[in-house]
Amino acid sequence: MVQDDVRGVLKDFYESLYASLGPQGWWPGRTRFEVIVGAILTQNTSWANVEKAVANLRRARALSPRRMHALSIHELAGLIRPAGYFNIKAKRLKAFLNHLFDSYGDGPENLKRLLSRRTDALRRELLSINGIGPETADSILLYAAGRPVFVVDAYTKRMLLRHGLVGEGAAYQDIQRLFMENLPHDAGMFNEYHALIVRVGKDYCRAKKPLCDRCPLGRFL
DNA sequence: TGCCAGGCCGGGT
DNA sequence: ACCCGGCATGGC
């Protein structure tokens, strides 16, 4: 498939999804810190379970870097239990907070200073934290820092696979490049595009039901 | 009732 | 550079 076809298809997907479902208003979190917490908690986990964990954190007044940092890893694990993998994820949240406070101090501006680094440096820094991989880092870049970075997830890969735009062996970077080399680097559009893909994946499709009637893209997912 | 959900790490080849 | 087992809850 030639480059212009890919470009047109990616653009058509976006327009079809947006036309049928409208703006999704992501990320579903109130603050930048909450976005980061949600990004870690939702790793291989349904958002419904993440919401329960976030509600627990809110009830415990633990949704600020300082308050969460003050919790023991055991207390934190107890609060995020509904999100699954709670021991691992408690460790990952702690790893992020330890990095934040060690490198940017304990002042109220520490998160703001981290998130104002240049995009490529920030991405590498996030990836260096144990528990933050490519998708989590890019979710933070796009949804917490507002950078024009395309977020790739399992739904994205399935969409491209089922439309024959990539092969089974396609890596995260391959898929991200496909979007970023063929679309304008517009954070608002990348925001909606990823959110729309997830919306369709969640509401209209199943992993073992490749073809789904009612899907805005016809054969999508 | 098993399968799946908005991944990532660590150890092994 | 891949490949794989482990991590865990809740909804359908």
Side-chain angles (χ1 to χ4, degrees), chain A residues 13-14 17 21 23-29 32 34-57 73-74 76-99 123-145 149-162 166-176 179 190-212 214-217 220-221:
Chain A
F13 282 177
Y14 179 66
L17 292 171
L21 299 173
Q24 302 299 299
W26 270 34
W27 182 284
R32 291 184 297 181
E34 199 175 315
V35 171
I36 294 167
V37 171
I40 291 172
L41 292 182
T42 199
Q43 290 168 356
N44 200 42
T45 300
S46 64
W47 185 255
N49 284 4
V50 174
E51 283 183 314
K52 300 178 198 307
V54 169
N56 288 347
L57 292 169
I73 191 150
H74 182 73
L76 186 52
L79 290 170
I80 65 171
R81 192 177 190 90
Y85 306 133
F86 50 87
N87 289 313
I88 291 260
K89 287 173 179 175
K91 193 167 62 180
R92 290 177 180 177
L93 289 169
K94 275 298 196 178
F96 173 80
L97 290 165
N98 287 335
H99 176 85
R123 187 173 198 273
R124 276 192 294 274
E125 185 169 350
L126 291 169
L127 288 173
S128 77
I129 301 171
N130 190 289
I132 298 185
E135 184 187 338
T136 307
D138 288 336
S139 295
I140 292 170
L141 286 167
L142 178 60
Y143 292 106
V149 170
F150 200 90
V151 179
V152 175
D153 66 350
Y155 292 132
T156 313
K157 181 167 180 178
R158 259 163 49 194
M159 173 179 83
L160 297 182
L161 261 178
R162 289 174 180 172
V166 298
E168 183 61 58
Y172 187 96
Q173 295 283 348
D174 302 325
I175 296 175
Q176 185 178 49
F179 285 92
F190 283 168
N191 178 325
E192 287 298 336
Y193 205 154
H194 174 71
L196 285 162
I197 289 171
V198 173
R199 170 80 187 285
V200 172
K202 281 204 300 200
D203 292 0
Y204 297 91
C205 313
R206 294 277 69 83
K208 301 230 167 162
K209 293 176 65 175
L211 303 184
C212 173
R214 294 184 339 183
C215 176
L217 290 184
F220 170 20
L221 294 177

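All heavy atoms count here, side chains included; hydrogens, waters and symmetry mates do not. First the proteins, then the strands, lettered A, B, ... as listed; each starts at 1. Note that this is a predicted model, so its numbers are computed, not measured.
Between A:D174 atom CG and C:dA1 atom C1' there is a gap of 13 Å when expressed in whole angstrom units. The interatomic distance linking A:R81 (CZ) with C:dA8 (C1') rounds to 9 Å, in whole Å. At whole-Å resolution of the value, CG in A:D203 and C1' in C:dG11 are 14 Å apart. Remark: C1' of C:dA8 and CG of A:L41 are 13 Å apart, rounded to the nearest angstrom. Between the C1' atom of C:dA8 and the NZ atom of A:K89 lies a distance of 8 Å, rounded to the nearest Å. Rounded to whole angstrom, the span from the CZ atom of A:F86 across to the P atom of C:dG6 amounts to 17 Å. Rounded to a whole Å, the CD atom of A:E51 is 13 Å from the C1' atom of C:dG11.
Between C:dC7 and B:dT1, the two P atoms lie 23 Å apart (nearest whole Å). Across C:dC3 and B:dA5, the matching C1' atoms stand 22 Å from one another, rounded to whole Å. When the P atom is used for both B:dC8 and C:dG10, the distance is 23 Å, rounded to whole Å.
With A:E192 contributing its side chain and A:Q24 its backbone, the two residues share a donor-acceptor pair below 3.5 Å. In this structure, the side chain of A:K89 does not engage the main chain of A:R81 through any donor-acceptor pair within 3.5 Å. Judged by distance alone, with hydrogens and angles left aside, the side-chain atoms of A:H99 form no donor-acceptor pair with the main-chain N or O of A:I129 at under 3.5 Å. In this structure, the side chain of A:K157 does not engage the main chain of A:I175 through any donor-acceptor pair within 3.5 Å. When atom types are taken as modelled, the side chain of A:Q43 and the backbone of A:G131 share a donor-acceptor pair closer than 3.5 angstrom.
Inter-residue side-chain proximity for A:F150 and A:D138 is flagged as unmet; no heavy-atom pair is nearer than 4.5 Å. For the pair A:F179/A:L160, a side-chain contact is recorded, criterion being any heavy-atom separation below 4.5 Å from C-beta on.
Checking A:T42, A:V54, A:V198, A:L41 one by one against A:W47, the side-chain contact (heavy atoms from CB on, under 4.5 Å) holds for a single residue, A:T42.
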*What pattern of brackets, bars and dots sums up DNA chain B from 5' to 3', given Watson-Crick or G-U wobble pairs under 3.5 Å, [ ] for crossing pairs and | for another strand?*
.||||.|||||||
*Reading nucleotides 7-13 of chain B from the 5' end, what letters show protein touch, with B for base, S for backbone sugar-phosphate only, - for no heavy atom under 4.0 Å?*
BBSS---
*Check step by step if side chain to side chain contact (heavy atoms under 4.5 Å, CB included) holds for A:D174 and A:V166.*
CA-CA 9 Å; A:D174 302 325; A:V166 298; over 6 Å; no
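Checking the phosphate oxygens (OP1, OP2) of C:dG11, no side-chain nitrogen or oxygen of A:N49 falls inside 4.0 Å.
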